[in-house]
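Here is how names work: the chains are called A, B, and so on, in the same order as the sequence lines, proteins then strands, and each is numbered from 1. For the numbers below, each heavy atom of this structure counts, side chains included, while hydrogens, waters and symmetry mates do not.
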Number of protein chains: 2
Amino acid sequence: MKRERGERPIKPRIPEKTVTRLSIYLRCVEAFIADGMSTVSSQQLAERFGLNSALVRKDLAYFGQFGVRGLGYYTEGLKQNLERILGLNQEWGVALVGLGNLGSALLNYRGFQQRGFRISVVFDTDASKVGRRIGSIPVCHVEKIVPILKRRRIKMGIITVPAGAAQAVADQLVTTGINAILNFAPTQLTVPKGVKVQNVDLSVMLKTLSFYTSRSSRVTRAR
Amino acid sequence: MKRERGERPIKPRIPEKTVTRLSIYLRCVEAFIADGMSTVSSQQLAERFGLNSALVRKDLAYFGQFGVRGLGYYTEGLKQNLERILGLNQEWGVALVGLGNLGSALLNYRGFQQRGFRISVVFDTDASKVGRRIGSIPVCHVEKIVPILKRRRIKMGIITVPAGAAQAVADQLVTTGINAILNFAPTQLTVPKGVKVQNVDLSVMLKTLSFYTSRSSRVTRAR
DNA sequence: TAGATTGTTAATCGATTAACAATC
DNA sequence: TAGATTGTTAATCGATTAACAATC
């Protein structure tokens with residue numbers, strides 16, 4: 001990224017696919033560290049997922065020059081850089097909305113806590129659940145989302161309510177100034193531009209699998 | 001798709017993104033049917049997700065000429081075509097491997113049954129779970145995957161075991177001739193070419209959200 | 001027939017890959 | 001120094017969009 005003296009640095013838009021791959025590189029670097037390697041090349045990183053090494057270098061180069069020519073990347077340094085870039089060097093308070101089967105499973109999911117994601121409040125509409133505590137986490141009524149979240153510094157929400165209720169919940173979360181939503185409801189959420197939504201649509205994924213399954217059965221039969 | 005007499009029809013490779021969108025079009029068409037509409041245009045479909053109408057037409061045109069010029073698509077006909085294309089006009093037997101929190105949640109998840117996905121056998125290694133039945137669904141030991149699945153016509157598997165065990169489970173599923181795997185373990189599975197894997201990597205998704213959250217906090221602070 | 005909308009080709013855009021000078 | 005590997009530019013590839021003839 002060469003530029004003349006006095007020019008502003010150009011901030012290139014970072015493709016979402018790059019961000020997704022950063023997490024994967026991080027996981028991979030951690031594996032290399034566990035194997036006792038102190039450096040790793042873009043080629044070695046790429047091989048683990050069938051990616052191109054130039055892509056790995058390009059992805060990393062969006063954020064700085066982390067490598068050493070002729071040597072590769074120091075695993076420890078790369079790990080720390082990736083954690084910093086991904087915002088994993090801090091704790092995130094998370095609100096979970098919807099304490100059904102899926103919500104309960106996520107609440108118990110170790111993967112969250114491990115990476116500094118703390119579900120610190122849960123919301124539901126079911127009177128038999130509201131008012132209880134799960135461990136130290138209070139279960140509150142969905143109507144209280146705005147007042148409760150305004151008092152806390154929570155920037156991420158997880159939606160595990162039925163499709164019909166999801167948009168209303170998202171609207172409330174947005175009102176409280178949340179930045180990111182992980183949405184498990186099978187519906188397209190409409191949110192303002194600054195809010196990032198990740199959809200985990202099991203129903204769409206299953207249909208995609210169904211497509212490929214019926215295709216390969218068809219091919220098999222045809223032979 | 002014009003071609004000379006006698007030429008073979010060219011089967012274009014269908015982009016995975018197209019397949020994903022088909023499921024979304026189906027959901028949308030169902031909503032339009034519920035609203036009592038008998039036809040729908042590519043423009044109307046596109047608007048619901050901020051897509052381009054040409055993309056909708058192109059996606060559908062991979063599979064045939066379903067539309068009527070000047071009119072649009074008959075909602076009922078399109079629904080049936082999409083269901084046929086996606087293989088949703090039949091039941092799929094599904095094997096679930098891993099009866100932890102997430103596995104249990106999926107087992108209870110209504111969305112599966114609704115679309116003809118029947119989890120008909122569950123596998124785990126935990127001696128306290130193996131041998132039990134959940135409703136009519138038997139819980140068997142993971143060691144029995146190959147003999148049990150060989151006797152049944154199961155073409156899809158869901159993996160909800162820890163990352164370390166996932167590849168071994170995938171290998172076993174592949175041995176039984178499975179076509180598609182929905183993988184919740186945070187690890188890259190290696191499978192033969194004919195097998196389709198959909199990864200649902202919660203850990204990667206959370207990290208992506210964390211990236212955007214910390215970015216927008218940074219931007220906010222900078223102002 | 002006039003208006004609308006498809007199916008499809010050509011243009012555009014964005015992401016991936018190849019290639020290579022810089023440099024450890 | 002010679003070999004290796006980065007960071008980056010240019011070429012390629014694939015997906016999206018614009019445009020429009022075909023046609024209901």
Side-chain angles (χ1 to χ4, degrees), chain A residues 1-4 7 9-22 24-25 28-29 32 37-78 81-82 85 208, chain B residues 1-4 7 9-22 24-25 28-29 32 37-78 81-82 85 208:
Chain A
M1 225 185 285
K2 278 176 202 169
R3 61 190 144 89
E4 300 303 315
E7 262 184 61
I10 304 143
K11 276 190 209 162
R13 213 195 101 270
I14 292 165
E16 175 149 352
K17 285 193 159 191
T18 291
V19 180
T20 303
R21 282 191 296 261
L22 291 184
I24 299 183
Y25 301 152
C28 193
V29 169
F32 280 120
M37 293 172 63
S38 66
T39 66
V40 66
S41 71
S42 59
Q43 181 57 38
Q44 289 173 303
L45 283 167
E47 264 169 17
R48 292 274 271 244
F49 329 98
L51 295 177
N52 185 294
S53 67
L55 185 59
V56 175
R57 294 199 295 280
K58 198 161 214 224
D59 282 340
L60 296 174
Y62 279 113
F63 302 95
Q65 309 203 157
F66 304 133
V68 182
R69 287 164 201 235
L71 187 70
Y73 302 85
Y74 286 106
T75 50
E76 270 299 341
L78 186 54
N81 273 302
L82 287 170
I85 293 165
T208 305
Chain B
M1 223 185 287
K2 280 178 201 166
R3 63 190 141 91
E4 301 301 317
E7 261 184 61
I10 305 144
K11 277 189 210 163
R13 211 194 102 271
I14 292 163
E16 174 148 355
K17 285 193 159 191
T18 292
V19 179
T20 303
R21 284 191 297 260
L22 291 183
I24 298 181
Y25 301 153
C28 194
V29 168
F32 280 121
M37 294 172 63
S38 66
T39 65
V40 67
S41 71
S42 59
Q43 181 57 39
Q44 288 173 303
L45 283 167
E47 265 168 17
R48 293 274 271 243
F49 328 99
L51 294 177
N52 184 294
S53 67
L55 186 59
V56 176
R57 296 200 295 280
K58 198 161 216 227
D59 282 340
L60 296 175
Y62 278 115
F63 301 96
Q65 309 204 156
F66 304 133
V68 182
R69 283 159 203 240
L71 186 71
Y73 302 84
Y74 286 106
T75 48
E76 271 298 343
L78 185 54
N81 272 303
L82 286 170
I85 292 163
T208 305

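- One atom, CG of B/Leu60, and another, P of D/dT16, lie 14 Å apart when rounded to the nearest Å.
- Contacts of A/Glu76 classified as salt bridge (Lys or Arg N to Asp or Glu O under 4.0 Å), with partners at least two apart in sequence or in another chain: none.
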> Given the rule that a pair is Watson-Crick or G-U wobble with both distances under 3.5 Å, how would you write DNA chain D in dot-bracket, using | for pairs to a different strand?
Replying inline: ..||||||||||||||||||||||
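- For B/Arg21 and B/Phe49, the positive end is not near the middle of the six-membered ring at less than 6.0 Å and at most 45° from its axis.
- Not one side-chain nitrogen or oxygen of A/Gln65 sits closer than 4.0 Å to the OP1 or OP2 atom of C/dT23.
- Rounded to an integer number of Å, the gap from B/Met37 CE to C/dT5 C1' is 14 Å.
- C/dT16 atom C1' lies 17 Å from atom CZ of A/Phe49, rounded to whole Å.
- Within the 4.0 angstrom heavy-atom criterion, only backbone atoms of the sugar-phosphate kind lie near B/Ser42; the bases stay farther away.
- Comparing atom distances between the A/Ala54 side chain and each of D/dT16, D/dT8, C/dG7 picks out D/dT8 as nearest.
- For the OP1/OP2 pair of C/dT6 and a distance below 4.0 Å, the side-chain nitrogens and oxygens of B/Arg57 include at least one atom meeting the criterion.
- Within the structure, every side-chain polar atom (N or O) of B/Arg13 is placed at least 4.0 Å from both OP1 and OP2 of D/dC13.
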> Do A/Asn81 and A/Phe63 pass the side-chain contact (heavy atoms from CB on, under 4.5 Å) test, and can you show the C-alpha distance, the side-chain angles, and the key distance before you say yes or no?
Replying inline: CA-CA 9 Å; A/Asn81 273 302; A/Phe63 302 95; over 6 Å; no
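- A/Tyr73 has a side-chain polar atom (N or O) that falls below the 4.0 Å cut-off from OP1 or OP2 of D/dG7.
- Listed nucleotides: C/dA15, D/dA18, C/dA18. Nearest to the side chain of B/Asn52: D/dA18.
- Side-chain atoms of B/Arg69 and base atoms of C/dT5 include no donor and acceptor less than 3.5 Å apart.
- A straight line from CD of B/Gln43 to P of D/dA18 spans 11 Å, rounded to a whole angstrom.
- Rounded to an integer number of Å, the gap from CG of B/Leu45 to C1' of C/dT5 is 13 Å.
- Inter-residue side-chain proximity for B/Tyr25 and B/Leu51 is flagged as met; some heavy-atom pair is nearer than 4.5 Å.
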> Passes side-chain contact (heavy atoms from CB on, under 4.5 Å), A/Leu45 versus A/Leu78? Steps please.
Replying inline: CA-CA 12 Å; A/Leu45 283 167; A/Leu78 186 54; 4.2 Å; yes
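- Distances were taken from every side-chain heavy atom of A/Lys17 (C-beta onward) to each of D/dT16, D/dT8, C/dT16; the shortest belongs to C/dT16.
- Judged by the 6.0 Å distance and 45° axis criteria, B/Arg48 is positioned over the aromatic ring of B/Phe32.
- Side-chain contact between A/Leu60 and A/Tyr73: present, with at least one pair of heavy atoms (C-beta onward) separated by less than 4.5 Å.
- Taking the nucleotide of DNA chain C with the nearest heavy atom to each of A/Asp59 and B/Ser41, the more 5' of the two is matched to B/Ser41.
- Atom NZ of B/Lys58 is separated from atom P of D/dA18 by 14 Å (rounded to the nearest Å).
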